[in-house]
Amino acid sequence: MKPTDEPRSGTRAVDRAIQVLNCFEGDDPELSLVELAARAGLPVSTTHRLAQALVRGGLLEQDPATDRYRIGHGLASLARPALTRLGLDSAAPHLYALAAGIKITVSVSVAEDRDAVTVFQARPPVFFCPNQVPRARQPLRASAVGHALLAFSPGRAIAEGHAAQWDSKPALPHVELDRVRRTGFASELIDTEDPIRAIAVPIVGPDRRVRGALGVQARSARLDDSLVRSIVPAMRVAAGRIAPLFQTAGGPMLSVAELESR
């Protein structure tokens, strides 16, 4: 192999290892080698080699009884400095207290380009179910956390001249954003076999800039209007308590107008 080929080969290996790790994004699955290879879109032999290297590095674990793979403790250790920079280590007690109080998983999301990305989850000690776990990435245009982020973002108003474009491409639900600004929370009904309802409130820093969004979701049969009225005040209090602690690392969030223009 030529020396000039080594960086390219090394970069490809890193890219593939990232593909493998990304297969575990979301709901903390345990995957067989075949399932992992299918998700990563890689040959089984390549996936096995990469997975074993990640196990040796502590980024993945392999269950000795089933041979299935899961996220390793080493990845949590690597993530800790990022959580510290975000202020989530200090905010965590407030989030776990909220989750225990309302008996629903509490998630924190931040804006990344066109998506709301989940960066932290606090699960309750009782009444947890998988329906409470949000997708790792959700579109700002079409999610409760996205609407909570956008409704209070700078430059949120769009000139009426843009309204003509709304019929030709998926437009942001401006009526919904107005409702979020009026009520202080966003709501979304996720259409599944057992419908899920999601609720989110903004995390607004002392500088009045939106730092993130605090979200919960559960079966809509459980998270009905009565329960929403009960938990939204507690969510607002928690968002206010963590806002001074919470620091986002990225650049400024896209405004509504910028998002519409893309």
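Since the model is a prediction, treat every value here as computed from it, not as a measurement.
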Applying a strict under-4.5 Å side-chain criterion to I, L, V, M, F, W and Y, I'd like to know whether Val110 and Leu95 cluster together. yes
Any side-chain heavy atom of Asp115 within less than 4.5 Å of one from Leu140? no
For residues Pro233 and Ser230, report the shortest heavy-atom separation together with the two atoms involved. CD-O, 3.6 Å
Check against side chain to side chain contact (heavy atoms under 4.5 Å, CB included), Ile104 and Arg222: CA-CA 10 Å; Ile104 302 176; Arg222 178 188 175 196; 3.6 Å; yes
Would you compute the distance between atom SG of Cys129 and atom CZ of Arg123 and round it to the nearest 0.5 angstrom? 10.0 Å
Taking every non-hydrogen atom, the tightest pair across Pro206 and Ala243: CD-O, 4.3 Å
Kindly determine whether Thr105 and Gln132 satisfy side chain to side chain donor-acceptor pair (under 3.5 Å), including the steps that lead there. CA-CA 6 Å; Thr105 296; Gln132 299 173 15; 3.0 Å; yes
Any donor-acceptor N/O pair, Glu35 side chain to Ser32 backbone, under 3.5 Å: yes
Is the NZ or CZ atom of Arg179 positioned over Phe185's six-membered ring, under 6.0 angstrom from the centre and within 45° of the axis? yes
Report the C-alpha separation of Glu30 and Glu61 in whole Å, then their side-chain angles, then the decisive distance to 0.1 Å, and conclude whether the side chain to side chain contact (heavy atoms under 4.5 Å, CB included) test is met. CA-CA 9 Å; Glu30 290 192 359; Glu61 296 175 352; over 6 Å; no
Beyond-backbone contact of Val106 with Gln121, side-chain heavy atoms, under 4.5 angstrom: no
When rounded to the nearest 0.5 Å, the distance separating CD1 of Ile196 from CD of Gln217 is 5.5 Å
Hey, are the side chains of Val228 and Arg197 touching, using non-hydrogen atoms and a 4.5 Å cut-off? yes
Count the heavy atoms of every other residue, nucleotide or ligand shown that sit under 6.0 Å from CG of Asp191, and state whether that count exceeds 12. no
Does some side-chain heavy atom of Arg181 sit less than 4.5 Å from a side-chain heavy atom of His147? no
Value rounded to 0.5 Å, distance of OG in Ser187 from CG in Leu223: 7.5 Å
Expected output: side-chain His94 to main-chain Arg241 donor-acceptor under 3.5 Å: no
Verify salt bridge (charged side-chain N to carboxylate O under 4.0 Å, His left out) between Arg68 and Asp63, making sure each step is shown before the conclusion. CA-CA 5 Å; Arg68 297 175 73 84; Asp63 189 319; over 6 Å; no
Is there a continuous path of hydrophobic side-chain contacts, each under 4.5 Å between heavy atoms, that joins Phe120 to Val201? yes
Donor-acceptor pair, Gln19 side chain versus Ala40 backbone, under 3.5 Å? yes
Under the side-chain hydrogen bond (donor to acceptor under 3.5 Å, both in side chains) test, which residues partner Asp194, sequence neighbours left out? Arg219
Where Ser109 and Leu149 come nearest, the two heavy atoms and their spacing: O-CD2, 4.5 Å
What are the two closest heavy atoms between Leu36 and Ala51, and how far apart are they? CD2-CB, 4.2 Å
Let me check something: do Val117 and Phe24 share a hydrophobic cluster, defined by ILVMFWY side-chain heavy atoms less than 4.5 Å apart, either directly or through other members? no
Validation row: Arg70, Leu60 side chains within 4.5 angstrom (heavy atoms): no
Apply side chain to side chain contact (heavy atoms under 4.5 Å, CB included) to Leu214 and Leu98, showing your working. CA-CA 11 Å; Leu214 201 62; Leu98 175 62; 3.9 Å; yes
Between Cys23 and Leu31, does a side chain to side chain contact (heavy atoms under 4.5 Å, CB included) hold up when you go through it step by step? CA-CA 9 Å; Cys23 294; Leu31 303 173; 4.2 Å; yes
Nearest heavy-atom approach of Ala148 to Ala213 is CB-CB, 4.1 Å
Assess whether atom CZ of Phe127 is packed by more than 12 heavy atoms of other residues, nucleotides or ligands within 6.0 Å. no
Distance, nearest 0.5 Å, that separates NE2 of His48 from OG of Ser45: 10.0 Å
Minimum heavy-atom distance between Pro202 and Ala239, given as atom pair plus value: O-CB, 3.6 Å
Check the hydrophobic clustering (I, L, V, M, F, W, Y; side-chain heavy atoms under 4.5 Å; chains of links allowed) and say if Val55 and Val44 are grouped together. yes
Do Val216 and Ile231 touch side chain to side chain, with heavy atoms closer than 4.5 Å? yes
Taking atom CG of Leu59 and atom OH of Tyr69, what is their separation to the nearest 0.5 Å? 13.5 Å
Report yes if the side chains of Arg211 and Val108 come closer than 4.5 Å at any heavy-atom pair, otherwise no. no
So CG of Leu227 and OG of Ser220: to nearest 0.5 Å the spacing works out to 11.5 Å
Would a single hydrophobic cluster contain both Leu33 and Ile71, if residues Ile, Leu, Val, Met, Phe, Trp and Tyr are joined by side-chain heavy-atom contacts under 4.5 Å? yes
